[in-house]
Chemist: 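Pasting in a structure now, in C-alpha cells, and then I'll have a few things to ask.
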Amino acid sequence: MVMEMEVKAPTSLIFCVNGERFELSDVDPSTTLLEFLRTQTHFKSVKLGCGEGGCGACVVLISKYDPLLDKVEDFTASSCLTLVCSIHGCSVTTSEGIGNSKDGFHPIHERVAGFHGTQCGFCTPGMCVSLFGTLVNAEKTNRPEPPSGFSKVTVSEAERSIAGNLCRCTGYRPIADACKSFAADVDMEDLGFNSFWRKGESKALKLSRLPQYNQNQHSIRFPLFLKQIKPIVSLACEKQSWHSPTSLHELQALLALDQENRTRIKVVVSNTGMGYYKDNGGYDMYIDLKGISELSEIKKDHTGVEIGAAVTISKAIEVLKEESRSNFLSDYVMVLEKIAHHMSKVASGFIRNTASVGGNLVMAQKNHFPSDITTILLAVDSMVHIMDGTEFEWLTLEEFLERPPLSLESVLLSVKIPSLELGKSESLEPRSRFLFETYRAAPRPLGNALPYLNAAFLVKVSQCKDSSGTMVDSCRLCFGAFGTRHAIRAKGVEEFLAGKMLSFSILYDAITLLTDTLVPKDGTSISAYRSSLAVSFVFQFFNSLIESPKGITNGYLNDHSKDFEFKENQKLVYHDKVPTLLSCGKQVLEAGTEYQPIGEPIMKSGAALQASGEAVFVDDIPSPKNCLHGAYIYSAKPLARVKSIKLGPEFQLDGVIDVISSKDIPSGGQNIGAKIRFGNEPLFAEEIARCVGDRLAFVVADTQKLADMAANSAIVDYSLENLEPPILTVEDAVSRSSFFQIPPFLTPTQVGDVPKGMAEADHKILSAELKLESQYYFYMETNTALAVPDEDNCIAVYSSSQAPEYVHSTVARCLGIPENNVRIITRRVGGGFGGKVSKAAAAATSCALAAQKLRRPVRMYVNRKTDMIMAGGRHPMKITYSVGFKNNGKITALELEILINAGIYADVSAIIPRNMIGALKKYDWGTLSFDIKLCKTNHPSRSAMRGPGDVQGSYIAEAIIEKVAATLSMDVDSVRTINLHTYSSLKAFYDHSSGEPHEYTMPSIWTSLAVSANYELRVEMVKDFNRVNTWKKRGISRVPVMYEVNLRTTPGKVSIFSDGSVVVEVGGIELGQGLWTKVKQMVAYALSGVQCDGSGDDLLDKVRVVQSDTVSLIQGGLTAGSTTSESSCEAVRLSCNVLVERLKPLRGKLQKEMGSVKWETLILQAYSQSVNLSASSLYVPNNNSSSYINYGAAVSEVEIDLLTGETRVLQTDIIYDCGQSLNPAVDLGQIEGSFIQGLGFFMLEEYQTNLDGFVLVDGTWNYKIPTLDTIPQKFNVQILNSEHHQQRVLSSKASGEPPLLLAASVHCATRAAAKEAKKQILSWSNLEGPDSTFELEVPATMPVVKELCGLDIVETYLKWKMGSKYRNSTQYPVKF
C-alpha cells in the first residue's frame, strides 16, 4: 500500500492547520485559504481586514517540506490571497496554533498583552504570527546562541517584522516594544511601559519577570506524514480544475487547451496579483507554476544571475544579498546588493514571501502595473527568457516591455541580471567605475505602498587625468511607470550625458532635457510632482559627483563631502536611510493608590485572548444552519432615478437567493436604516438615489463571496429626467439654500462684541480661507451583522455596533414589530471611531429584514471597498475668517464663516458646530462670532469620527495663530503663549465647564512641557541644522489642546453568583478603549467596601464583564465622546453600592459569630438567606458633573526632504492631564493611538472622491493610514495626575479623543520646516523676505510638501550655483 502511494500522485488536497489534518477531494480552486479557514474550520484568528494583502490581519505561517534539501521552509503569507489548492502538503499555523488559553499562551501573546499592545484586538493575531515567523527563521541562522529568554532575532528584525501590519488603535509603539523584547541585542531600558516590571529594577530582574521564551519549547513541529505527501498533478471539482504541471512540456499541453476548447485559464504562482487586480474568478482551469523546477531555480555564473520566474521576491533578495557577504565587493556585487535592498521595500514581508519576481514583471508588461522591480532590472539591462507555445527566446527586458501584452500561451521563464563588463582598454588609468543607485518616493519608507515614482541609474564614470572632475562614459537612466505604459529609459538624456564632464551647467541641461522627455499622458495624477521627483532623483545622483567627485567608494555615492579616492576591494555596508530603530520612547505615569485597584495600570481585560485570536467578534460567530449572506448594491450616481436593477446573467442561477429592496419592507414597517435623534436615514432608496453609495438593494446568496460577486455584477438603469442637478459642493448648497437645521440646544454661544474687538486691533486679516477634507475610519473590522429569526416573530441580531440601542429601535421600526420582539447582542467591536453608529444600524437592519422575509439566518461582512464608498467619514468644510490682533500678537477678535459638508442625511452632523467651537475656544480670542451652516449635499452622509468637529476646530485655531505670527513676523510659539487663557478668560469662553481654578492645568502643562521636551534648546538646534543643510529642513512646534466633553446617562448591572464570582453588564461597548478593564477595576473597588478578609485585588479576578444585550440591559445609549468608560464605571459603582448596603448587615453578623469573614463565605450565606445579589442602576450626571475640559500639549519635531517632500517625525513629546486616571496603562494606549490617528488625518490620509462624490480610494492600495515606519521615531508621553474633583468619577478624565488633536503639532512643525525651505529658495534668487503667510494643506502629503518647497527647487538651485560659480557659496553646503 505504501509503495502504491509513492507511485500515484494524490487526487485529494492534503494539508494541516495547527496540526489538524485536512483532506479535500472537491474544492473550488478560487477558494482562498482565508475563506477556507473562516468557513470550514473552527480557527478564527485569521481576520478579513482588506482582502487584498495590505493589512496583515489574515497572516498565517506556512511550513513546506523540501525533499531535495530535506528541510522545512517556514514563511508568513497573506491567507486572503493564498489559494487553498496551493498549500497541498503544507502545514499552516495560525495565532491560536502558536498558543491558546487551553494549551497555554505563547510568550508572544503574553508579552503583547503585558506591553499593553492590544486595544480592539482585531489586528493582533496577525501581528503575533508576523513576529512568530521572524522568530522561527531567526532560530535557523548560525548566529551565536542567545542568552536564556531571548531569540536569535535582532532588535531591528523584530521591530520590522510587523512593518507590513496595520493597526488603527494602538499607535504601534507598545507592539514594537513587545517584539523587541525577544531580541538578544535589545537595550531593556528602551522597552516601554509594561505590566512585568517597575521602573528602576535591574536588567536581570526585568528579564526574569518576562514570560520566558524558549525556542525548543515554543517552536512548531512539522507533521511527519506531510513529508510523505506527493505533489498534486490535478484536482477537479464540478466546474473547475486545478493543475500543477512539473515540466514545461506538461505546461505547454495545458495551455494549448485554451485555443482548442476555449478554456478560460488562469496561470498562478501565488495569486498575490489578485490583491491589486481583484480577479475573482470565472475561470475553468487554474495552472500552478510552482512545480516546474526550471521556473524556481536561481543560477549564478560569470555571465550573471538568472532568477526563475516563480522564485519569490524574498528568495531573490536572500540570494542577491549572499554575494555581498564576501570580503570583497565588485561593482557587480554592489549592483546586486542594491537591487536586493530596493526589492525589500516592495510590498510587505508576508507578500514578498509568496509573490514571484516573474509575476511582478508580467503584471507590469500586461497590465501596466507600477512595478519597482521592472525599473531596477531595466536599469541593469536585464534579459528575459520567454516560452511562446513551443518556441523559446531571449529578449532584453526593454524589448519585452515594448511588446504587446503577453498572450496566455506565452510564459515568462526567467529573468537574468547580466554581469558588468569593462573592456580591456578601460582597465588602464584613469579607471572606469560603475555606479548604481535606486530611488523610491512613497508614502511609507519601508514599503507596503506603491511609489509615486521609482528610478534606477547605472552609470559608468571615470576621473579625468588633468582635473578633479568626473567624466560620464555611459549611463542607463530608468524611471518607473507614471503616465507611461511601463518603466522607460530616458535615452535622450543618456546620449546627452555620455562623454561629458559633469558640471552644474551640464546637469542643468540634462534636467531640462529630462522634463521634455518624461511627459506623462493626460489625466495622470499629480503629474507635476512626479516629474519633479524624476528631476530630483537625477540631481541627487549626479550632484554628488559634482560636489565631491572623489566621494565614491566601491560604487556607493557618499552624501557628505569627505575626500575619498576611487577604492577597490573594500567591504562596505550599505546604510539604510531608515533608522535601525523605527520607534522608541519614554512613558511617565503615576499609579493611583487611593481607590485600589482603581488607578493601577493593570493589563487590558482579555488581551491574551485577543492576541491568540480566541476573542470572538461578530463575524467569528459560527454560521447557524442554512445561513445566508448579504451584500449591497449601491448607487454610482449622486442623484438619479433608479429604473431597474438586474444581476449579471451568471448570477441569476443557483446560489443567489433573493434581492431585497424597499419593496420588501413588511406592512406596518418603515423604510428606515438609522434612527437618529436629528433625522432618520432610509434603509434603501425607494425611487431616487440621492448620493453615491446610497443603498439600492441587498443581494442574498449562499456565501459571502457569491453575494459580493453578484452585487458587483448588478446593472443599474438610471434616469436623470426631470431631476435638478445634484448639490456637490458647499457653495452649491448655499446658492440653493440646502441646509440642515442646528437645534437650539446644540447651537454654540458667541463671546463678546466682535466689532468692538476689531476696532481695538492694530492689524487685521480679512476673509482668509481654509479648507479641510474628510478622513475614513479604517476600523480593521468593517461593518458586520448576523440576524437570526426566532419564534413568535422575534429576531436576534449580533451587531458590531457602538450603539446597540439605536440598532434595536431601528430594526423594530423597519420590521414593524414591537421592540420586545428584538434583541441586539454586541460583545466587542473591532474598532469604531464613530463609524459604527448609524452605519452599523443599517447593516444590522438589512440582515434582519432579509432574515424575516426568508425565515433563515442572514449575515453580512461588508467588503472594504463598499465600506469605504458608503461610510461618509469625517466632515469636510470650508472656513472663511477675519481676525484682529495687536502688535504683540494678542488677538482681539475673531469672526468665522464655516460651511460644513454634511452629506445627504442628517446623521449626527448637528453636533459638529458645537464641538468645533468648543475646541477652537482653546485660545483667548478676545471676542468671537461665527456663522456655521450644515450644508445638505448629494454626498454620502457624514458621521461622527473620533474628535468629530473638535479636530477641525482645534486645527482652525492653529492655522489662525500661524497666520497672525507670519503677518507680524513673530515667533509662532510666543503668539500661542500670549493667547493662552487666563482663568478669567477661560470662564468667559467655557461658562459651564471651566471648573475650579485649580482644575485649569493648561498653564502648568505648557511650561512643564517646555522643560521636559527641552523645547528652547531644540529650537536652537533646529536653527543650527537648517543653517548647514541644504536639502533637509527641520521644524518644531508646540501646540495646546482643550477638549470639552459631556457625560451621558448610562446603565449598569452587577450580579453576584453563589461562588462569589461577579458578572457585570454596562451600556458601554468595548471598542478597544479598555472600557471592560476599567469597569472591572471599579467593581472590585466598590465591592471591597463590604470589607471582607482578602478582598480587593482578589475580587478583580472574580469579575467578568459580559456582552451588551439590549433585552437584558435597556437604555444603553451610545458609546462615543470619550466618556462612556467613566460613566459606565459610575453606573456599576452605584449598583455595587446597593449590593454593599445589602451585604453589610450580614457581614457584620457573621463577623461577630466567626471573627473573620471571607468573600465566598459571605456570598454563600447571602444566597441561603435570600439576599438580592443583583442590582441595576442608571447613572444620570447632574449639571455640575455633566461636562468638563481636558487639557494637554505636544511638541513635535519633523524633518522634510526638499527633493521628495517626505516628512519624518523625529520626536513627539506629550503631556496630558488624565485627572486621577482610572487605569494609566489603558489611558496611555488611548493617548498614543489617538495621536497617531490624528497624524494620519494631518499628514497621510487622502479620502479622495471624483466630482460626483464617488470615492476614488477604495482599499489599502490607495488609502494610507499610519504604519510603524511613519510614527514618531521618539515618542514620549507623560500622563499628569491632576488634583481631585468631587464632581467627576473618582476625579478621572477622558483620554480617547482629545490627544488626536495634538497631532496638529506635526503639521505645524512641517509648516515651519517648509518656511525654512522657502526662505532658502528666495536667497538663491536674491529676493528678500520669505512668503511666510502660505497655507499648508491638510493632509500634508509628500506631493503637498514638495510643491510648497518648490517643484522647481533643483532648477533654481542649479541656476544659483551657475550664477555664483565664482562667488563664495559656503552659506549652504550641500548635505543630503
Side-chain angles (χ1 to χ4, degrees), residues 50 166 168 632 634-635 638 674 676 681 691-695 728-730 740 771-783 802 831-843 862-878 899-912 915-916 934-953 955 1071 1120 1234 1236-1250 1252-1260 1262-1266 1297 1300-1301 1303 1337-1339 1341:
C50 66
L166 302 186
R168 194 54 151 168
Y632 285 125
Y634 51 81
S635 173
I676 304 291
E681 180 176 328
C691 68
V692 168
D694 216 1
R695 293 177 291 271
L728 296 173
T729 66
V730 290
F740 291 110
K771 283 189 177 181
L772 289 170
E773 300 301 331
S774 187
Q775 183 185 19
Y776 172 59
Y777 307 98
F778 218 104
Y779 25 57
M780 295 304 295
E781 171 204 48
T782 59
N783 276 294
Q802 294 177 241
F833 317 116
K836 291 182 178 173
V837 182
S838 60
K839 309 300 179 184
V862 180
N863 68 69
R864 181 64 67 182
K865 177 179 179 179
T866 300
D867 196 87
M868 292 190 76
I869 288 170
M870 299 174 67
R874 199 180 289 284
H875 288 73
M877 57 189 64
K878 178 183 177 182
L899 302 176
I900 301 172
N901 188 338
I904 190 61
Y905 305 116
D907 206 286
V908 295
S909 295
I911 70 170
I912 301 298
N915 290 3
M916 281 186 64
L934 287 178
C935 300
K936 182 179 180 180
T937 65
N938 292 103
H939 287 287
S941 56
R942 311 297 177 177
S943 195
M945 183 174 178
R946 200 174 194 173
D950 306 88
V951 66
Q952 294 99 323
Y955 171 72
L1071 310 169
S1234 184
I1236 297 304
Q1237 195 168 110
L1239 180 70
F1241 173 67
F1242 285 112
M1243 301 301 295
L1244 292 169
E1245 299 175 36
E1246 296 180 281
Y1247 200 22
Q1248 298 171 322
T1249 64
N1250 65 13
D1252 284 342
F1254 197 96
V1255 173
L1256 300 175
V1257 289
D1258 54 12
T1260 57
N1262 44 28
Y1263 191 82
K1264 298 301 179 184
I1265 70 171
E1297 292 174 289
L1300 186 145
L1301 282 56
E1337 293 177 25
V1338 176
T1341 58

Chemist: What verdict does the side chain to side chain contact (heavy atoms under 4.5 Å, CB included) test give for L166 and M780, after you've listed the backbone C-alpha separation in whole Å, the side-chain angles of each residue and the deciding distance to 0.1 Å?
Modeler: CA-CA 8 Å; L166 302 186; M780 295 304 295; 4.2 Å; yes
Chemist: If we ignore angles and hydrogens, is there a donor and acceptor under 3.5 Å between the side chains of H875 and S774?
Modeler: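 The answer is no; no qualifying pair exists.
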Chemist: Cation over ring, R864 on F778, under 6.0 Å and within 45°?
Modeler: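 Yes, a cation-pi geometry.
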Chemist: Between T782 and V862 (side chain of the first, backbone of the second, donor and acceptor by atom type, cut-off under 3.5 Å), is there such a pair?
Modeler: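 Looks like yes, one N/O pair under 3.5 Å.
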Chemist: Could you measure the distance from the CG atom of D694 to the OG atom of S635? Nearest 0.5 Å is fine.
Modeler: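 Here the rounded value is 6.5 Å.
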Chemist: Taking L1300's backbone N and O only, do any of them form a donor-acceptor pair with S1234's side chain (distance below 3.5 Å, no angle check)?
Modeler: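 Side chain of S1234 to backbone of L1300: a pair is present.
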Chemist: Is there a donor-acceptor contact under 3.5 Å from the side chain of E681 to the main chain of A674?
Modeler: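 No; zero donor-acceptor contacts below 3.5 Å.
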Chemist: Let's go through T937 and I904 carefully: what are the C-alpha distance in whole Å and the side-chain angles of both, what is the deciding distance for side chain to side chain contact (heavy atoms under 4.5 Å, CB included) to 0.1 Å, and is it a yes or a no?
Modeler: CA-CA 5 Å; T937 65; I904 190 61; over 6 Å; no
Chemist: In Å and rounded to the nearest 0.5 Å, what is the CZ to CD distance from F1254 to Q1248?
Modeler: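 Answer rounded to 0.5 Å: 14.0 Å.
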Chemist: Any idea which heavy atoms bring P948 and I911 closest together, and the distance?
Modeler: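 What the structure gives for the nearest pair is CG-CD1, 4.2 Å.
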Chemist: L1256 versus N1262: any side-chain heavy-atom pair under 4.5 Å?
Modeler: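 The answer is no; the side chains never approach within 4.5 Å.
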Chemist: Do the side chains of I1236 and P1266 get nearer than 4.5 Å, heavy atoms only?
Modeler: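 When only atoms from C-beta onward are counted, I1236 and P1266 do touch, with a gap below 4.5 Å.
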Chemist: Looking at the rings of F1242 and Y955, which for Trp means the six-membered one, are their centres under 6.0 Å apart?
Modeler: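 Yes.
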Chemist: Show the numbers, then the answer: is there a side chain to side chain contact (heavy atoms under 4.5 Å, CB included) between Q1237 and F833?
Modeler: CA-CA 10 Å; Q1237 195 168 110; F833 317 116; 3.5 Å; yes
Chemist: To the nearest 0.5 Å, what is the distance between OG (S943) and CD1 (I676)?
Modeler: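 Reported to 0.5 Å precision, the distance equals 7.0 Å.
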Chemist: With a 4.5 Å heavy-atom cut-off, do Y1247 and Q775 have their side chains touching?
Modeler: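 No, side chains not in contact.
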Chemist: Is the gap between the ring centers of Y632 and Y634 under 6.0 Å?
Modeler: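 Not close enough - the centres of the two rings lie 6.0 Å or further apart.
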Chemist: Would you mind reporting whether D1252 and L728 have side-chain heavy atoms less than 4.5 Å apart?
Modeler: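 Yes, their side chains come closer than 4.5 Å.
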Chemist: Has D907 got a side-chain atom pairing as donor or acceptor with S909's backbone, closer than 3.5 angstrom?
Modeler: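 No.
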Chemist: Do Y776 and D867 pair up side chain to side chain, a donor and an acceptor below 3.5 Å, judged on atom types alone?
Modeler: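 Side chains of Y776 and D867: pair found under 3.5 Å.
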Chemist: Testing the 3.5 Å rule here: is there a donor-acceptor pair between the side chains of Y1263 and E1246?
Modeler: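 No.
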Chemist: Minimum heavy-atom separation for I900 and I912, please, with both atom names.
Modeler: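 Closest approach of I900 to I912, heavy atoms only: CD1-CG2, 3.8 Å.
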Chemist: For L899 and M877: C-alpha separation, side-chain torsions, deciding distance, then whether side chain to side chain contact (heavy atoms under 4.5 Å, CB included) applies.
Modeler: CA-CA 6 Å; L899 302 176; M877 57 189 64; over 6 Å; no
Chemist: With a 4.5 Å limit on heavy-atom distance, are the side chains of R168 and I1265 in contact?
Modeler: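 R168 reaches I1265 side chain to side chain.
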Chemist: Looking at F1241, does the NZ or CZ of R874 lie under 6.0 angstrom from its six-membered ring centre and within 45 degrees of the ring axis?
Modeler: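 Relative to the ring axis of F1241, which defines the angle, R874 lies inside both limits.
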Chemist: Flag the pair T1260 / C50 as yes when at least one side-chain heavy-atom distance between them is below 4.5 Å, and no otherwise.
Modeler: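 T1260 vs C50: side chains touch.
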Chemist: Do other residues, nucleotides or ligands put more than 12 heavy atoms under 6.0 Å from K1264 NZ?
Modeler: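 Yes.
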Chemist: Which atom pair, heavy atoms only, marks the closest approach of A1303 to G1238?
Modeler: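 Heavy atoms only, the tightest pair is CB-C, 3.3 Å.
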Chemist: What's the spacing between N863 CG and N783 CG if we round to 0.5 Å?
Modeler: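 If I round to the nearest 0.5 Å, the distance is 11.5 Å.
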Chemist: Between K836 and E781, does at least one N-O distance fall below 4.0 Å, as a salt bridge requires?
Modeler: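 Salt bridge present between K836 and E781.
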Chemist: Please report the interatomic distance CD1(I869) to SG(C691), rounded to the nearest 0.5 Å.
Modeler: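 Interatomic distance, I869 CD1 to C691 SG, rounded to 0.5 Å: 11.5 Å.
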Chemist: Going from NZ on K839 to OG on S941, what distance comes out if it is rounded to the nearest 0.5 angstrom?
Modeler: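 With rounding to 0.5 Å, NZ (K839) is 3.0 Å from OG (S941).
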Chemist: Do the side chain of H939 and the main chain of A902 share a donor and acceptor less than 3.5 angstrom apart?
Modeler: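 No; judged by distance alone, with no hydrogens or angles, the pair does not exist.
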Chemist: Considering only NZ, NE, NH1 and NH2 on the basic side and carboxylate oxygens on the acidic side, decide whether R942 and E773 come within less than 4.0 Å.
Modeler: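 Looking at R942 and E773, the cut-off is not met.
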